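Just so it is clear, the values below take in all heavy atoms, side chains as well, and ignore hydrogens, waters and symmetry mates. If you read the sequence from its start, that first residue is 1, and numbering goes on from there. Just so we're clear, the structure is a prediction, and the values are computed from it rather than from any experiment.
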Amino acid sequence: MFKDKLLQRYLGAIAALAMISLLSSWTGLSYPHDISNSWDGWLWGMADPVLVLTEFVSILAIGLLAASTQHCSWIATALISANILGTIITLSQINLPVSEVAIAIVSVAFGMVLVTAKQPKLFTLLLLTAIAGLCHGYFNSESIIGAGTMPSVMYIFGAALTQYAVVKSVSQIATQVSQADLSSILSRRMSLLGFAICALGFVSLTMGIN
């Protein structure tokens, strides 16, 4: 099924990131991080989109939904742009009602879209993606408040790289599966994944409220 070596690498990378996300969520990694130089900013920027499980599964859902469109690059760009906007809002010390609860709600929304197994309109998908990116950027970028210009810039570049790589990789995997005449199987698997994302989102939502 997956004879292409590049596709196998995509699958291996996504599986490794999923394991990292699970482990970091279970161990309760503390926020914000201590970022004092550009290298710290770069590393934490690449890591943060993966370390919070609800964020990571939202990005996975975006990649899956983007696979059935002709505008995957637009969707990835919307995610990154909104993430940068969320970071700028945080650095500008503008208070928004964004927390882990908001991120959990976004995860539930993406899960519900996958459960329905119906491809949303491009505008709807772009809007959901932008909301997710804004929440992620606003929540994660607390770590770079007072970190300086270069560490902040490197953090933003690192986060953008990870988000783009995950969305494109998941989209490529889903596209290859569809081209292998397994679209019905993919649809069922996406629905199951949607249920899992909804469940995870509801659990995170409950924990955040409590």
Side-chain angles (χ1 to χ4, degrees), residues 17 20-21 23-63 73-111 123-167 197 200-210:
L17 291 176
I20 292 171
S21 185
L23 291 174
S24 65
S25 295
W26 283 339
T27 55
L29 189 67
S30 61
Y31 280 86
H33 313 303
D34 183 17
I35 297 177
S36 58
N37 54 59
S38 297
W39 182 244
D40 288 344
W42 173 252
L43 291 179
W44 281 117
M46 288 193 296
D48 270 349
V50 175
L51 295 180
V52 179
L53 188 57
T54 48
E55 290 186 32
F56 182 60
V57 296
S58 293
I59 300 174
L60 291 180
I62 291 169
S73 295
W74 287 16
I75 295 167
T77 300
L79 176 65
I80 293 168
S81 299
N83 186 84
I84 293 173
L85 177 60
T87 301
I88 292 173
I89 291 174
T90 298
L91 295 178
S92 301
Q93 299 184 348
I94 299 174
N95 293 323
L96 294 178
V98 174
S99 63
E100 291 182 84
V101 173
I103 294 173
I105 292 173
V106 172
S107 298
V108 171
F110 276 113
F123 176 78
T124 303
L125 182 54
L126 286 171
L127 181 61
L128 284 174
T129 299
I131 293 172
L134 183 68
C135 291
H136 297 175
Y138 184 87
F139 177 73
N140 290 336
S141 56
E142 290 181 11
S143 298
I144 56 174
I145 295 176
T149 301
M150 282 309 299
S152 299
V153 170
M154 295 303 292
Y155 179 92
I156 292 171
F157 274 121
L161 177 62
T162 297
Q163 290 173 330
Y164 185 84
V166 172
V167 170
I197 293 175
L200 175 63
F202 278 121
V203 170
S204 300
L205 183 60
T206 302
M207 293 174 62
I209 293 174
N210 293 334

Could you check whether any side-chain heavy atom of [X] comes within less than 4.5 Å of a side-chain heavy atom of [Y], counting everything from C-beta outward?
X	Y	answer
Tyr155	Asp48	yes
Leu134	Phe139	no
Ser92	Ile89	no
Val50	Glu55	no
Tyr164	Ile80	yes

Checklist entry - Measuring from Ile144:CD1 to Asp40:CG, what's the distance to the nearest 0.5 Å? => result 12.5 Å

Please give me the minimum heavy-atom distance between [X] and [Y], naming the atom from each residue.
X	Y	value
Gly86	Ser141	O-OG, 4.1 Å
Ala82	Ala130	CB-O, 3.1 Å
Pro49	Gly45	CD-O, 3.1 Å
Ser38	Met150	OG-CB, 3.4 Å

Item to check | Working for side chain to side chain contact (heavy atoms under 4.5 Å, CB included), residues Leu161 and Trp42 | outcome: CA-CA 10 Å; Leu161 177 62; Trp42 173 252; 3.8 Å; yes

Checklist entry - Stepwise, does the side chain to side chain contact (heavy atoms under 4.5 Å, CB included) test hold for Ile59 with His136? => result CA-CA 10 Å; Ile59 300 174; His136 297 175; 4.2 Å; yes

Next on the checklist: Would the distance check show the side chain of Thr129 and the main-chain N or O of Leu79 forming a donor-acceptor pair, the cut-off being under 3.5 Å?
Outcome noted: no

Checklist entry - For residues 75-85, which residue pairs qualify under side-chain hydrogen bond (donor to acceptor under 3.5 Å, both in side chains), counting only residues two or more places apart or in two chains? => result Asn83-Gln163

Next on the checklist: If the test is side-chain contact (heavy atoms from CB on, under 4.5 Å), which one of Ile75, Leu128, Val57, Val166 qualifies with Ile62?
Outcome noted: Ile75

Next on the checklist: side chain to side chain contact (heavy atoms under 4.5 Å, CB included) for Leu51 and Trp44? Distances and angles first, verdict last.
Outcome noted: CA-CA 10 Å; Leu51 295 180; Trp44 281 117; 3.6 Å; yes

